[in-house]
Amino acid sequence: MSGRNRLGQESDNYERGKNMGGNSVVLGIGIGSHAIDGVLIKDGDILSAKDFITTDDLLAHIENCLNRLADGADYASGSEMLKQANVMNYTSVIADSIVRSGKGPRVGVIATKGFEKTLYGPSGCVLPTERFVPKELIVGLAEEVDTTGKVIKDIDRDEVYALAKYLMERGAQTVAICLKNSYCNPVNEQAVMTIIDKEISKHYLGGVVTLCSHEVSTSRDDFVRLCTTVLNQYVSRDSSKFLKLVESHIKDVGLAARLRGCSSAMGGVKRIAKARAIDTFASTDVANLNGALFMMDKVGNENVIVVDIGGATTSMGIIKDGAFEFDVKPLIYELPIDLPRPALKILNIGGYSVASINDKGSVVVGPVSIDPDGTEPTVTDAKIVLGFDLATTDHNRNVEQAGTVVDEIISRKLKISKEEAALKIIDAFEMQISAAIRMMLSAKGYDAKKFDLYVVGGAGASHICSLAKRVGAKRAVIFPFGSVFSAFGVTSMDIVYEYRTPVSKKDELDKVVTVLKTAAEKDLKYEGVSEKDLTYIIGFVVKDGSGSEKIVQPGTTNLQKEAEKISAAKQEITAVMLKVSASPHKVELQKQKEKKAAAPAKNGKRGVCFSGRSQQVDVYSYQNLNVGNTVAGPAVVELAGSSLILPKGCELSIDAYQNGIIQQKA
Amino acid sequence: MSHTISLDIGGTFSDCFVQMDDGRMFIGKHSTTPAHVDTCFMGAIEAAREKIGISMEELISNTSIISYSTTMPVNSLIQRAGPKLGMITTAGFEDFNDIARGRGYGDGLPLSEIRLFTKCHKPVPLIERRLTVGIDERIDWNGNVVIPLKREKVEEKLAYLVDEGVRGIVVSLLNSYVNPANERAVKEIFLEMYPDKFMGSMPILLGSDIFPVYEEYLRTNAAILNAYMHVELADALHTVGEKLRYYGYNKPLLIIKNIGGMGAITRSSAIEVYNSGPVSGLYGSCSVGKNLYNQEKIIMGDMGGTSYDIGVVADGDVKFYSAFPTIERFRVGMPIIEVRSIGAGGGSIAWINKMGRLEVGPKSAGSTPGPVCYNQGGKEPTVTDADVVLGYINPDKFAYGKMKLDVRKATDVIKAKIADPLGMNVPEAALGIKRVIDSFMGTEMYADLTLKGHDPREFDFYAFGGAGAGHCCGLADNLGCKRILTFPFGPAFCAFGACDMDIVHKYELTASYHPLKPHTQELNNDYETFNQIVQGLKDQAIIDMAWEGLDVKEIEFKLELEMRYGIQYSSTRVESPIIFLNSEGDVKTVIKTFEKMYTEMYGEDAASPIGGVEVVRFRLITSKSQRKAEFKKFPLQHEDPGAAKIGTRDAYWGHGYVPTNVYDLDKLQCGNVVKGPAIIEHDVTTYVIPPTWQYYKDEYMNGQITKKA
């Protein structure tokens with residue numbers, strides 16, 4: 001059980017640290033757009049591995065990553081490791097990839113007649129759903145349910161037939177049934193679905209998958225409910241296909257335990273089968289936040305900004321007073337989605353974002369990101385030119401090639417040196433990120449000086465000092481497994497299920513909660529969790545006078561009384577929410593004793609360009625740093641696959657958990 | 001404007017047939033791309049479009065019907081690369097799919113392998129044993145629920161399968177054909193647990209929905225195969241649909257069914273598409289024979305690159321269902337029009353067996369790598385290589401002239417692998433290859449007719465497929481027929497047949513009804529039971545035909561009954577002249593129809609009315625006639641084909657290479673007679689007319705090949 005954070009010596013492809021209690025074997029996998037990240041926590045050791053995605057065979061890359069972990073932990077094979085794993089969780093960016101590729105299925109929409117053009121949104125605006133639903137696949141059905149749930153007009157079976165036929169003959173592969181006011185009485189939506197599902201049978205080749213909006217969302221806002229349903233249907237088919245393939249493959253290779261995926265909704269993991277595709281949006285970012293939440297207790301600050309710099313995106317979130325901030329209705333690809341999840345800001349820029357010169361002659365970065373071996377300069381190329389990153393063998397990019405693309409596309413046009421061009425690229429990149437962080441903080445009225453900055457992700461370490469300075473954070477923190485942080489974060493996530501049902505009468509609250517609990521018990525049973533291990537949290541979705549919604553947790557078990565209090569405050573309970581969670585395993589880190597060691601051994605020197613001029617600085621290997629060591633800038637500290645750039649005035653110290661705390665020297 | 005386009009995706013080539021609204025007919029061919037059906041689908045249309053000379057938009061947006069058929073099972077089935085499936089069955093019956101049936105060893109294998117029965121292996125099931133789970137339930141033979149479902153247990157089994165990562169679940173419970181309640185309950189539980197909003201949602205297919213008949217193994221196989229082929233085929237057809245829509249086609253894509261006929265993809269199952277290509281060819285033969293030549297006895301032979309398909313039209317109709325319908329290696333029991341496929345085609349590989357004898361096939365070089373002369377990496381001598389060496393195929397004009405054939409490589413491979421080992425010269429060896437394959441195909445056709453009680457001399461032989469016109473005379477010598485018919489669209493004849501089909505749907509149910517009661521020999525006066533079953537099938541049909549946009553008044557209903565004498569095991573298919581029973585006379589008519597059919601097949605002495613007469617299966621077939629291909633009649637010209645002669649080429653006919661006249665098929669005029677030896681060239685096929693045969697282009701521009709006087 002004793003543990004000390006140490007990085008492994010055996011391979012560049014994984015890192016090692018001893019730090020956890022228990023004798024369980026826990027695996028975490030992060031399926032990213034450019035790499036597969038892996039973390040193994042076994043008998044007090046944390047190992048991490050990364051496999052860059054260089055082919056279309058993602059399953060092979062996942063297997064490679066698992067094999068590297070197994071190799072580092074002295075298992076005979078990846079299969080052997082999987083057989084012994086007690087827990088395996090993953091995060092995935094598959095839903096985002098589907099949206100970005102534009103290769104989702106043809107989604108048809110059946111809306112209430114009269115709303116085909118606006119889809120319940122503001123009239124005269126360009127519908128944000130256009131990206132997901134071709135105009136010719138939106139049809140109107142004559143029906144009406146009023147806001148009290150009374151059916152004013154029943155559906156006509158023949159009309160449903162005609163609409164379904166129209167949609168299917170035009171190639172709709174999935175149909176979102178989104179009728180007005182279905183949140184308070186879904187009878188018409190259900191009737192449409194029954195006709196399409198049962199009479200227009202699914203075993204036929206041209207069959208469609210249907211989904212009613214009331215099943216996905218309890219929102220009273222018809223537009224929100226529709227957007228939520230449409231987006232889910234757009235990503236569901238291919239997400240499901242891919243994740244089932246992953247599950248099937250990993251099971252076939254040897255996993256005996258359940259495979260659980262991170263669900264960004266409420267932040268937790270669950271069986272793939274019980275997750276909605278829409279829940280996987282930003283699951284990697286939510287896992288990062290969870291990992292940060294876990295680590296902040298050790299680092300010692302309750303306020304943290306978490307930034308994940310990946311290949312194509314950079315995401316950020318805030319933890320204040322030891323808790324996430326929740327976003328009840330986040331915008332995902334410009335659609336308002338009924339998906340309460342930790343508040344996140346996601347930028348379409350990352351390490352492989354393309355740098356270019358705009359009309360005004362300024363260097364800009366993104367939003368396009370490319371193959372890292374492409375012919376356009378990227379942020380990573382700029383870092384190679386500046387000596388921030390070493391050219392890796394993963395992408396066959398050497399210093400000369402990186403210099404050539406930066407020179408050809410940027411520096412020649414601006415008539416500056418390639419180092420100056422590279423600095424401009426980094427500046428443009430970090431400027432966007434720091435501006436977004438400042439905006440997030442200022443929107444909440446928070447003072448950056450009270451926050452630590454955690455920068456994770458493969459491209460994070462080289463930017464952390466600069467970003468901390470630009471934002472004005474109190475401290476910056478890096479982690480030995482920071483490049484695979486989401487894979488670490490997902491290992492410590494609880495199993496979480498969330499249920500919601502709309503309510504119109506206060507005296508039904510207890511009955512509703514009982515029904516939700518029964519459903520929860522059944523779902524959690526198939527998670528292998530017994531009832532006694534479950535934690536229930538009841539919440540009310542409350543709408544205030546301005547129409548905005550928030551989740552309120554009742555202070556007592558007397559729900560009627562709590563509801564009356566809310567009514568007295570002229571607010572309305574629109575839905576009851578039940579969050580059920582279980583923690584089948586605990587990951588514990590243990591402090592290590594400070595060593596009275598000499599100053600850390602240097603690992604040579606390297607040329608780094610801090611401000612237009614290259615200078616030779618000391619290089620350290622993070623894996624050789626011990627608790628209590630400090631490194632003063634200017635210096636470079638090499639981690640697996642990335643480098644921490646410590647400018648002059650910054651100092652890195654290794655804490656008892658072998659995290660790197662970076663502060664401005666007094 | 002309303003053109004029709006039909007596609008037939010074969011194992012080697014994909015064929016397109018276009019009939020323009022003015023009656024002109026065009027064909028196009030493209031190599032089959034099994035992993036990307038849309039590529040060969042659109043490629044074949046593009047090849048036809050080039051001939052027509054209009055844009056894709058102009059062609060496709062002005063087309064009223066586009067239909068699709070295929071010769072091959074979907075790629076995933078061949079490669080066992082289909083989706084991972086789970087199965088729920090009655091507890092105690094989990095192994096029946098692995099055990100299969102006694103003759104499961106031989107199902108789907110060529111005769112040459114079945115003969116070595118002890119060396120045959122049972123097919124590898126499409127669902128792993130660990131993914132087949134049993135649930136406690138039982139419905140008896142009469143449909144009574146003896147053991148009801150235990151919901152909790154069902155939930156556990158479903159959760160297990162879902163967590164194993166299956167992508168589809170087949171539910172096949174004992175006796176579900178008579179009462180599907182438990183199968184439906186399993187589906188309901190699944191949909192409650194994993195509704196469409198969750199990623200655990202997946203297709204759950206019931207045996208009682210796909211093929212609601214008795215015989216568990218066959219019913220289950222049908223459901224499994226449907227699930228296995230569904231995903232790939234549905235995805236492929238959606239992709240094809242997208243491409244067609246891009247060019248302005250806004251009508252439903254129709255698929256050809258192996259029962260004969262076509263239907264919208266939104267009303268058709270994957271399993272119905274299997275082997276629909278050759279079925280189209282058979283219906284096309286029937287139509288041409290009936291409408292142009294008043295010929296009611298036809299044997300068709302479709303020679304492609306991989307296989308040779310044989311079908312029979314008797315009494316002017318397509319009468320035969322396959323006796324042992326098998327998909328890949330799985331018996332299914334559902335009615336599939338009988339078209340027998342043997343391993344013989346242009347790509348068939350020639351080899352020398354252990355006895356030192358020349359054999360051809362059943363292995364094929366397919367389209368990739370293809371014959372050696374394709375120069376695509378093929379290493380084994382094939383029938384096409386032999387045809388090239390013999391001088392029959394013009395190496396510069398193969399496949400629209402787009403593929404240059406390498407005569408030298410074909411010669412070398414035949415020399416090295418056949419001629420030298422057998423001590424022959426190369427042309428002798430090449431002719432040997434041709435004779436072996438022709439003899440094999442001809443003998444198989446002869447057997448097919450004679451075993452059905454027909455005299456081959458009374459039959460016309462319709463030869464088509466890319467390699468059909470090149471080999472028809474050789475195999476006709478073995479078949480014994482007197483006249484061969486070939487068609488200008490022969491290389492895409494199955495696609496032509498697909499264009500000539502009606503909208504057809506089939507509904508089937510197993511139920512026992514005794515028109516003639518056993519022992520008492522009383523006529524059954526319970527018409528209601530019979531009529532209710534038929535009405536139930538009719539109600540389903542009306543829904544589907546309405547979906548096709550058809551009025552019930554336009555629909556033709558045909559009732560087929562599987563009937564037998566009491567205590568018999570096997571049944572006989574009877575086309576009932578009556579749909580509903582309303583009188584004693586109706587009952588007698590049904591019985592008489594059965595007796596007539598039975599005695600025709602087995603002789604009068606075989607009849608056994610003492611045991612009563614039983615209907616064991618009801619099958620309602622609905623159809624709506626569609627526009628048929630229209631053949632123009634052209635005036636006959638003189639016999640001399642001289643104007644169509646495009647040169648001479650050295651060809652080998654058995655006694656050294658001799659200069660042989662070569663004609664252009666398109667330049668031949670109706671009435672021209674080409675006497676053998678001769679070669680007639682076309683863009684995508686070559687007619688080989690041996691010295692003892694002659695070709696006559698008739699008034700429909702079809703070729704009639706007969707023995708010289």
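In what follows, chains are A, B, ... by sequence order, proteins preceding strands, each numbered from 1.
With a 4.5 angstrom heavy-atom cutoff, Glu152(B) touches chain A via backbone and side-chain atoms both. For chain A, the nearby part of Lys84(B) is the side chain; its heavy atoms alone come within less than 4.5 Å. Contact annotation for Gln540(B): neither backbone nor side-chain heavy atoms come within less than 4.5 Å of a heavy atom of chain A. Both the backbone and the side chain of Asp163(B) have a heavy atom closer than 4.5 Å to some heavy atom of chain A. Only the side chain of Lys251(A) comes within less than 4.5 Å of a heavy atom of chain B; its backbone N, CA, C and O stay farther away. Only the backbone of Ala172(A) comes within contact range of chain B, with at least one heavy atom under 4.5 Å from a heavy atom of that chain. For Ile255(B), the part sitting under 4.5 Å from any heavy atom of chain A is the side chain, from C-beta outward, and nothing else. Looking at Arg271(A), only its side chain comes within 4.5 Å of chain B, counting heavy atoms on both sides. The part of Glu242(B) that comes within reach of chain A is its side chain, from C-beta onward, which places non-hydrogen atoms under 4.5 angstrom from that chain. Contact annotation for Thr280(A): only side-chain heavy atoms (C-beta onward) come within less than 4.5 Å of a heavy atom of chain B. Using a 4.5 Å cut-off between heavy atoms, Leu259(A) makes no contact with chain B at all. Heavy atoms closer than 4.5 Å to chain A are found nowhere in Val231(B), neither backbone nor side chain. Contacts between Ala164(A) and chain B at a heavy-atom distance below 4.5 Å involve backbone atoms as well as side-chain atoms.
Of the N and O atoms on the side chains of Ser182(A) and Arg225(A), at least one donor lies less than 3.5 Å from an acceptor on the other residue. Between the side chains of Ser201(B) and Asp196(B), a donor-acceptor pair is found at a separation under 3.5 Å.
The shortest heavy-atom contact between Ser263(A) and Asp279(A) is OG-CB, 3.3 Å.
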Inset, instruction - Please report the C-alpha distance between Asp338(A) and Thr228(A) in whole Å, then the side-chain angles of each, then the deciding distance to 0.1 Å, and finally whether the side-chain hydrogen bond (donor to acceptor under 3.5 Å, both in side chains) criterion is met. - result: CA-CA 6 Å; Asp338(A) 184 17; Thr228(A) 309; 5.5 Å; no
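Within the 4.5 Å cutoff, no side-chain heavy atoms of Ile31(A) are placed close to those of Val93(A).
Comparing Lys165(A), Arg106(A), Glu247(A) by heavy-atom pairs within less than 4.5 Å of chain B, the highest count is held by Lys165(A). Per-residue counts of heavy-atom pairs under 4.5 Å with chain B were compared for Ala277(A), Ser248(A), Gly261(A); the largest is that of Ser248(A). For chain B, the option among Val216(A), Leu245(A), Ile272(A), Leu243(A) with the highest count of heavy-atom pairs below 4.5 Å is Ile272(A). Of the residues considered (Met193(A), Gln233(A), Lys525(A)), Lys525(A) shows the highest number of contacts with chain B, using heavy-atom pairs under 4.5 Å.
Formation of a donor-acceptor pair under 3.5 Å by the Ser176(B) side chain with backbone atoms of Ser172(B) is not found in this model. Listed for the Glu521(A) side chain is no donor-acceptor partner under 3.5 Å among the backbone atoms of Glu531(A).
Ring orientation note: the planes of Phe132(A) and Tyr234(A) are nearly perpendicular, at an angle over 60° on the 30°/60° scale. The aromatic rings of His505(B) and Tyr507(B) sit tilted, their planes meeting at an angle between 30° and 60°.
Among residue pairs with one or both ends in residues 254-264 of chain A, those qualifying as salt bridge (charged side-chain N to carboxylate O under 4.0 Å, His left out) are Arg260(A)-Glu527(A); sequence neighbours excluded.
Ring pair Tyr194(B)/Phe198(B): centre-to-centre distance not below 6.0 Å.
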